[in-house]
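All remarks here apply to the structure that follows.
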Amino acid sequence: MVIAFSCNLFNTIVMQKKDIYTLVLLILLTITTAFFSNLENGLKVIGLIILILSGIKFIAVAFQFMELGKAHNFWKGLVISFLTLFIGIIYAVL
Amino acid sequence: MKTEQIDYKNFYYPPGGILIWILITVELLTFGMALIALVFMSKEDPELFHKSRLLLNSTFGATNTIFLLVSGFFMATTVHLFKKRKFDKASFYLNLTMIGGVLFLILKTFEYYHKIESGLVIDYNTFFTFYWLLTGFHVIHVLVGLVILTYFKFTLKKLETEDLEAGAAFWHMCDLIWLLLFPVIYLIL
């Protein structure tokens with residue numbers, strides 16, 4: 001029971017730490033995205049970089065904060081497919 | 001210490017339940033298609049869309065992104081604490097979550113006020129029609145999310161884990177939608 005409690009406590013701390021790391025990553029990516037947008041001079045590749053950075057943020061929120069990582073593969077696949085399709089179409093049209 | 005266990009690997013029980021994930025999928029598809037339509041339309045007159053996009057304040061957009069992300073972090077923490085039956089702490093973090101949402105709305109109101117004052121209203125041009133409709137619908141979602149969180153605030157101890165997770169998923173959905181809107185509307189056109 002003590003081991004189970006310790007594991008539980010450890011998991012909670014690790015989970016919270018992961019959330020904190022995710023938040024720091026998200027804020028850094030937001031600042032980086034803003035930096036890249038200032039470099040914008042009509043280059044299509046800048047648009048792609050901004051979209052990919054935003055896509056990473058999207059995945060981080062879905063998988064860490066929404067705990068999608070624990071879900072059935074169908075839901076993970078659905079979110080990743082949607083995002084890939086979205087970024088792909090926007091980039092193709094840009 | 002009681003910790004509730006839900007089999008999230010079951011197809012029918014993603015965190016928050018299958019219904020909220022169907023809603024999230026439909027919402028993402030709707031906003032996604034509207035953004036793709038915006039980018040398609042921008043090809044007809046790229047200069048107009050680029051100049052219109054430059055009239056937006058990307059610092060406001062980035063700040064609002066951070067408000068929503070931090071709020072989402074507090075929401076995730078609320079759910080973790082709720083599952084551990086630490087209701088007082090969960091309630092505290094729920095308050096912080098709501099403050100993040102309110103800050104988002106205050107800054108958005110400020111942004112809208114300046115747009116209206118400058119005459120950049122919904123029929124100013126095609127870009128601003130998209131801007132007002134997309135960001136406006138997103139604001140409505142944030143408002144609905146805040147109503148749900150306020151209800152949770154007063155009924156926290158009576159809530160089922162699935163209910164809180166569904167509400168949290170709705171709140172995170174507002175983040176996800178904004179993470180699609182912000183780069184396309186404020187940064188890349």
Side-chain angles (χ1 to χ4, degrees), chain A residues 5 8-9 11-12 15-16 18-20 22-27 29-31 33-34 36-38 40 42 44 46-62 64-76 78-79 82-83 85-87 89-94, chain B residues 1 3 6-16 18 21 24-25 28-29 31-33 35-36 38-40 42-43 46 50 53 58-59 61-63 65-66 68-70 72-77 79-81 83-84 165 168-169 171-173 175-176 179-180 182-184 186-189:
Chain A
F5 176 77
N8 199 13
L9 188 65
N11 285 339
T12 308
M15 196 172 279
Q16 293 296 91
K18 273 188 185 173
D19 281 352
I20 292 167
T22 305
L23 179 64
V24 172
L25 173 75
L26 288 166
I27 291 171
L29 285 175
T30 303
I31 294 165
T33 308
F36 273 107
S37 73
N38 289 331
E40 172 83 72
K44 205 175 169 184
I46 299 289
L48 180 64
I49 292 169
I50 290 171
L51 284 172
I52 289 173
L53 291 176
S54 300
I56 294 170
K57 290 197 286 183
F58 188 98
I59 292 288
V61 169
Q64 187 61 35
F65 291 169
M66 299 175 91
E67 300 186 298
L68 190 64
K70 295 178 183 173
H72 189 277
N73 284 340
F74 170 82
W75 298 106
K76 296 180 204 174
L78 189 69
V79 168
F82 163 78
L83 189 64
L85 202 63
F86 177 78
I87 292 176
I89 294 173
I90 295 278
Y91 179 66
V93 178
L94 265 181
Chain B
M1 186 182 293
T3 305
I6 300 169
D7 178 20
Y8 295 118
K9 286 288 176 198
N10 186 322
F11 173 80
Y12 298 102
Y13 296 99
I18 192 166
W21 277 96
I24 289 170
T25 306
L28 290 177
L29 284 173
F31 275 93
M33 285 191 289
L35 286 168
I36 288 167
L38 166 67
V39 178
F40 262 108
S42 76
K43 292 292 106 182
H50 181 66
R53 193 268 288 177
S58 59
T59 308
T63 309
T65 306
I66 291 172
L68 281 186
L69 291 173
V70 174
F73 165 75
F74 288 138
M75 188 73 243
T77 308
V79 174
H80 291 319
L81 291 167
K83 286 179 181 173
K84 300 286 172 200
E165 280 185 335
W171 188 249
H172 291 304
M173 181 189 75
D175 289 15
L176 294 184
L179 290 176
L180 299 179
F182 174 59
V184 177
Y186 286 77
L187 303 180
I188 65 172
L189 284 180

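Each chain gets a letter, A, B and so on, in the order its sequence line appears, and its residues count up from 1.
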### Query
How long is the span from the CE atom in A:Met66 to the CD1 atom in B:Ile24, to the nearest 0.5 Å?
3.5 Å
### Task
Rounded to the nearest 0.5 Å, what's the gap from CZ on B:Phe40 to CD1 on A:Ile89? Could you check?
7.5 Å
Less than 4.5 Å to any heavy atom of chain B: does that hold for the side chain of [X], its backbone, both, or neither?
{"X": "A:Leu94", "value": "both"}
{"X": "A:Phe74", "value": "side chain"}
{"X": "A:Leu78", "value": "side chain"}
{"X": "A:Phe82", "value": "side chain"}

Are any non-hydrogen side-chain atoms of [X] and [Y] less than 4.5 angstrom apart?
{"X": "A:Ile90", "Y": "B:Ile188", "answer": "yes"}
{"X": "B:Val70", "Y": "A:Leu26", "answer": "no"}
{"X": "B:Val79", "Y": "A:Phe65", "answer": "no"}
{"X": "B:His172", "Y": "A:Glu67", "answer": "no"}

Relative to chain A, which segment of [X] carries a heavy atom at a distance below 4.5 Å: side chain, backbone, both, or neither?
{"X": "B:Leu35", "result": "both"}
{"X": "B:Ala169", "result": "both"}
{"X": "B:Val184", "result": "side chain"}
{"X": "B:Thr25", "result": "side chain"}

### Task
Check the pair B:Trp21, A:Val79 against side-chain contact (heavy atoms from CB on, under 4.5 Å), reporting the backbone distance first and the verdict last.
CA-CA 10 Å; B:Trp21 277 96; A:Val79 168; 4.0 Å; yes
### Query
Can you tell which of B:Thr65, B:Thr59, B:Leu180 has the highest number of heavy-atom pairs within less than 4.5 Å of chain A?
B:Leu180
### Task
With A:Thr30 as reference, evaluate B:Leu69, B:Leu179, B:Thr63 under the side-chain contact (heavy atoms from CB on, under 4.5 Å) test and give the passing residue.
B:Leu69
### Task
For a side-chain contact (heavy atoms from CB on, under 4.5 Å) with B:Leu176, tell me which candidate from A:Val61, A:Leu83, A:Ile59 qualifies.
A:Val61
